[in-house]
Amino acid sequence: GGYDAGTYQNRLANGLPDSLKLSSDQQTAIRALITAFETSTKADRDALQSILRRAREGGRASAPGILAEAAAIIARLQAAETKLKSDIDTILTADQRAWLASHTPRNCRPERFPALTDAQKAQISALEQAFQDKNKADLDAVKAAFDSAKGKSREEAERILQGTAAARARLEAARKALRESIVGLLTAEQKASGCLPLG
């Protein structure tokens with residue numbers, strides 16, 4: 001709730017547990033959907049930012065009238081975001097969707113989540129990239145183990161995955177630290193919405 005498409009995609013890639021990681025095909029398909037969404041909604045998003053800027057600069061007295069101009073734009077963006085989320089869900093597996101559903105805060109009110117600032121988006125993107133860079137060896141090792149375990153007997157798969165127990169423990173701790181770092185970038189109002197990052 002409340003996160004822009006690109007940030008959601010990064011959270012999806014880094015937030016899912018190792019057993020449910022997005023495949024390269026899934027990542028490519030989701031990135032294509034988000035690119036199309038960002039292109040088709042750019043004019044509305046730019047117009048909305050302009051309206052919000054005018055409302056801030058105009059003061060409390062003029063803000064309601066100015067914000068009324070945004071109603072149609074907000075409706076279009078909400079419809080586009082709902083469709084994007086639905087399209088992404090069709091790319092995810094049933095297990096991935098179930099995990100996301102179980103990790104979505106029940107008290108999340110997306111409409112009460114103030115939009116991330118450009119600075120917050122840049123900081124979150126940097127944290128996500130740092131996670132990928134710092135943990136690349138463990139991420140690659142665990143992915144290789146899960147790929148190798150596919151199609152094997154349960155006993156053989158467990159034996160293969162046991163070899164990455166230490167790497168998976170490190171990744172779990174790293175994901176927790178990443179989530180806490182992202183939450184630390186949110187304002188009190190954003191946190192109050194109940195909409196916190198995945199993972």
Side-chain angles (χ1 to χ4, degrees), residues 1-38 81-108 110 113 116 120-121 123-152 154 157-158 160-186 190-191 193-199:
Y3 284 92
D4 76 317
T7 302
Y8 178 72
Q9 192 267 345
N10 288 335
R11 286 277 63 223
L12 203 57
N14 290 332
L16 286 168
D18 296 306
S19 59
L20 298 174
K21 295 298 290 181
L22 295 174
S23 69
S24 57
D25 286 344
Q26 284 179 311
Q27 291 195 48
T28 298
I30 290 171
R31 184 68 255 172
L33 286 174
I34 289 173
T35 298
F37 167 85
E38 291 174 338
E81 288 167 357
T82 298
K83 184 178 185 306
L84 173 63
K85 177 65 167 57
S86 176
D87 289 344
I88 289 176
D89 282 349
T90 65
I91 293 171
L92 303 177
T93 66
D95 287 341
Q96 288 169 332
R97 290 195 296 272
W99 187 92
L100 291 174
S102 70
H103 286 75
T104 298
R106 297 305 173 196
N107 64 339
C108 173
F113 187 101
L116 294 169
Q120 285 177 312
K121 292 176 187 177
Q123 289 172 307
I124 291 173
S125 293
L127 287 172
E128 298 280 6
Q129 188 59 54
F131 169 86
Q132 287 283 341
D133 295 342
K134 184 176 180 180
N135 298 286
K136 187 178 188 306
D138 282 342
L139 288 167
D140 289 347
V142 171
K143 182 181 184 302
F146 274 104
D147 288 345
S148 178
K150 289 178 181 176
K152 301 290 196 303
R154 180 175 179 178
E158 288 178 351
I160 293 171
L161 296 179
Q162 185 57 38
T164 63
R168 285 184 283 122
R170 287 193 295 271
L171 287 173
E172 182 178 353
R175 288 194 180 97
K176 180 180 178 181
L178 172 60
R179 181 182 183 279
E180 291 174 351
S181 295
I182 293 173
V183 171
L185 296 175
L186 304 181
Q190 287 168 332
K191 292 175 185 176
S193 73
C195 302
L196 302 178
L198 299 169

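Numbers for residues simply follow the sequence, beginning at 1. Just so it is clear, the structure is predicted and the values come from calculations on it, not from any experiment. Excluded from the calculations below are hydrogen atoms, water molecules and symmetry mates; all remaining heavy atoms, backbone and side chain alike, are included.
- Lys134 NZ: 12 or fewer foreign heavy atoms inside a 6.0 Å radius.
- Of the possible polar contacts, one joining the Thr35 side chain to the Arg31 backbone as a donor-acceptor pair under 3.5 Å is found.
- The environment of NZ in Lys143 is sparse: at most 12 heavy-atom neighbours from other residues, nucleotides or ligands sit within 6.0 Å.
- A side-chain donor-acceptor contact under 3.5 Å links Gln120 to the backbone of Leu185.
- In this structure, CZ on Arg179 lies 13.5 Å from CG on Leu127, to the nearest 0.5 angstrom.
- Counting heavy-atom neighbours within 6.0 Å of Glu172 CD, excluding the residue itself, gives a total of 12 or less.
- If you take OG1 on Thr93 and CG on Leu16, they are separated by 8.5 Å, rounding to the nearest 0.5 Å.
- Exactly one residue among Ile34, Ile88, Ile30 makes a side-chain contact (heavy atoms from CB on, under 4.5 Å) with Tyr8. That residue is Ile88.
- Using a 4.5 Å cut-off on side-chain heavy atoms (C-beta onward), Glu158 and Arg154 make contact.
- Asp133 has no carboxylate O lying under 4.0 Å from a charged side-chain N of Lys136, or vice versa, which leaves the two without a salt bridge.
- Taking NZ of Lys21 as the start and CG of Asp147 as the end, the distance is 12.5 Å to the nearest 0.5 Å.
- Nearest heavy-atom pair, Leu20 versus Gln96, reported as atom, atom and distance to 0.1 Å: O-NE2, 2.8 Å.
- Separation of atoms CG (Asn107) and SG (Cys195) is listed at 7.5 Å; rounding is to 0.5 Å.
- With Asn135 contributing its side chain and Asp138 its backbone, the two residues share no donor-acceptor pair below 3.5 Å.
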Note to self: Arg175 vs Asn14, test: side-chain contact (heavy atoms from CB on, under 4.5 Å). Steps then yes/no.
What the structure shows: CA-CA 7 Å; Arg175 288 194 180 97; Asn14 290 332; 5.5 Å; no
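- Remark: Asp95 CG to Leu100 CG distance equals 11.0 Å, nearest 0.5 Å.
- Considering all non-hydrogen atoms of both residues, Asn10 and Ser125 come closest at ND2-OG, 4.2 Å.
- Contact between Gly15 and Trp99 at its shortest, heavy atoms only, is O-CH2, 3.4 Å.
- Ionic pairing of Asp18 and Arg168 is not present here: no N-O contact between side-chain nitrogen and carboxylate oxygen is shorter than 4.0 angstrom.
- Side-chain contact between Leu186 and Leu116 is present, with heavy atoms from C-beta onward closer than 4.5 Å.
- Between Lys191 and Val183, the shortest heavy-atom contact is CE-O, 3.1 Å.
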Next item on the list: For the pair Asp25 and Ile91, evaluate side-chain contact (heavy atoms from CB on, under 4.5 Å) and give the outcome as yes or no after the intermediate values.
Entry: CA-CA 9 Å; Asp25 286 344; Ile91 293 171; over 6 Å; no
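- Across all their heavy atoms, Leu92 and Gln26 have their closest contact at CA-NE2, 3.6 Å.
- Residues Arg11 and Leu178 form a side-chain contact, since some pair of their non-hydrogen atoms from C-beta on lies under 4.5 Å apart.
- Taking CD of Gln27 as the reference point, atom CG of Leu12 lies at 8.5 Å (rounded to 0.5 Å).
- When every heavy atom of Ala141 is checked against every heavy atom of Thr164, the shortest pair comes out as O-CG2, 4.0 Å.
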